[in-house]
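For reference, the structure is listed below as structure tokens.
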Amino acid sequence: MTSAREAEPGGSLSEAQAAGLDREDLLDIYRLMLVTRGIEERGQLLYKQGKIPGSFYTGRGNEGSAVGVARAMGPDDVGTPLHRHVGVHVVRGVEPWRIFAQFMGRQDGPTRGRDGNVHFGDLALGTIALSSHLPSTMPVAVGCALAFRIQQQPRVAVAWYGDGSAQRGDVHESMNLAAVRQLPVVFVCDNNHYAYSTPNRLEYAVEHLADRAAAYGFEGVVVDGTDVVAVHREARRAIEKARAGGGPTLLESVTMRLEGHAVHDDASYVPHELLAEYAKNDPVDRFRRWLAAEAGVGEDEQQALAAAVRHALDEALHRAEASPLPDPATLLDGVYALPDALDAPHHR
Ligand SMILES: Cc1ncc(C[n+]2csc(CCOP(=O)(O)OP(=O)(O)O)c2C)c(N)n1
């Protein structure tokens with residue numbers, strides 16, 4: 001028995017247009033997904049070349065979900081992307097070369113060579129960096145939403161989390177406060193079937209994680225996260241509903257982690273049949289097929305777009321490799337924020 005609404009697939013071009021996406025938007029979304037995948041594929045190579053300190057995480061399989069939701073946000077909205085959400089940073093405007101610099105711990109990465117290589121955000125672009133303790137940024141997102149309410153700003157916070165993180169107490173506290181105060185926040189659960197090696201069946205006993213929303217008193221929606229058009233439509237609905245004073249939504253986006261938890265993990269515990277089933281619906285390939293069938297985006301146009309992305313990422317990588325490691329003398333810089341550093345649009 002489920003109480004969540006099960007979202008319809010993305011549908012035809014006219015349905016996508018009705019949901020606010022014209023052909024140009026659709027091509028831009030495809031480009032953003034290619035950039036996301038291309039950045040992470042190059043990240044894997046950098047790791048193998050020994051250029052990335054620590055481990056390395058990718059969001060392969062999650063590109064449609066990350067890009068679809070982020071593309072539905074407004075310019076002044078904020079979000080708390082996690083380790084599967086390079087796509088969110090790409091959409092918010094972190095330049096790829098800065099993401100490569102971040103991966104390599106270089107000075108020009110958003111954290112200037114501090115903290116984990118995928119632990120980053122850029123306040124000026126409305127993203128708040130994750131900390132290791134998942135999902136510690138969910139209460140932060142709810143706090144932002146509370147601030148927007150108090151200051152009467154028409155802004156929305158997007159709080160990302162995973163199926164494993166969903167079992168933590170901070171999720172419950174965040175959702176309850178958001179519900180009681182009808183805050184402008186959208187909770188996005190990227191359910192990729194596994195939390196490291198723990199499968200869904202050992203994480204929760206409801207049919208969908210989105211079913212839990214009813215218990216807090218707001219709407220739960222479950223969407224196929226490999227279908228970027230459907231994800232975007234549902235995210236946009238939830239975000240605009242929150243902006244209009246309609247309160248929170250829990251959007252569960254169902255995907256599959258197509259690689260190990262991180263580069264050190266071969267994911268041998270994942271059944272091959274499950275991976276094979278989702279590999280058929282790889283979000284990038286699926287959208288490419290949709291664009292061809294529904295929007296008449298032919299092979300030539302797709303190839304040209306892919307070539308432009310490859311070229312831009314190769315350039316970005318060169319630029320990042322030229323970025324120095326941070327000067328050890330600056331180690332304590334930024335440990336405490338000074339008032340000037342907070343003088344960004346999202347802190348005024
Ligand atoms: C509180 C906490 N416990 C354990 C970890 C170690 N850890 C990092 S990622 C991860 C899996 C999280 O699963 P999920 O929320 O489903 O996100 P996914 O990695 O699958 O995208 C774990 C257990 C952590 N970071 N924080």
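Each ligand, and each atom within it, is numbered from 1 in the order the structure gives. Each residue takes its place number in the sequence, starting with 1.
- In this structure, E203 has no heavy atom closer than 4.0 Å to ligand 1.
- Here the CE-CZ distance, from M138 to R168, works out to 11.5 Å after rounding to the nearest 0.5 Å.
- Heavy-atom proximity to atom 12 (C) of ligand 1, evaluated over L82, L134, D163, is greatest for L134.
- For atom 21 (O) of ligand 1, a protein non-hydrogen atom is found at a distance below 4.0 Å.
- Annotation: atom 24 (C) of ligand 1 to nearest protein heavy atom, S132 O, 3.4 Å.
- Applying the ring pair (Phe, Tyr, Trp, His ring centres under 6.0 Å) test between F103 and each of F56, Y47, W97, Y57 identifies F56 as the sole match.
- In this structure, CG on D224 lies 11.5 Å from CD on E234, to the nearest 0.5 angstrom.
- When each of R71, R286, R37 is checked for a salt bridge (Lys or Arg N to Asp or Glu O under 4.0 Å) with E63, only R37 meets the rule.
- The shell of residues lying under 4.0 angstrom from ligand 1, judged by heavy atoms, excludes R257.
- Comparing H83, H85, H193 against atom 19 (O) of ligand 1, the shortest heavy-atom distance belongs to H83.
- If you check which protein heavy atom lies closest to atom 16 (O) of ligand 1, you get G164 N, 2.7 Å.
- Each of V284, V309, V297 was checked for a side-chain contact (heavy atoms from CB on, under 4.5 Å) with Y30, and the lone residue meeting it is V284.
- Distance check on atom 1 (C) of ligand 1: some protein heavy atom falls below the 4.0 Å cut-off.
- Nearest protein heavy-atom contact of atom 9 (S) of ligand 1 is H261 CE1, 3.2 Å.
- At a 4.0 Å heavy-atom cut-off, ligand 1 does not touch Y161 at all.
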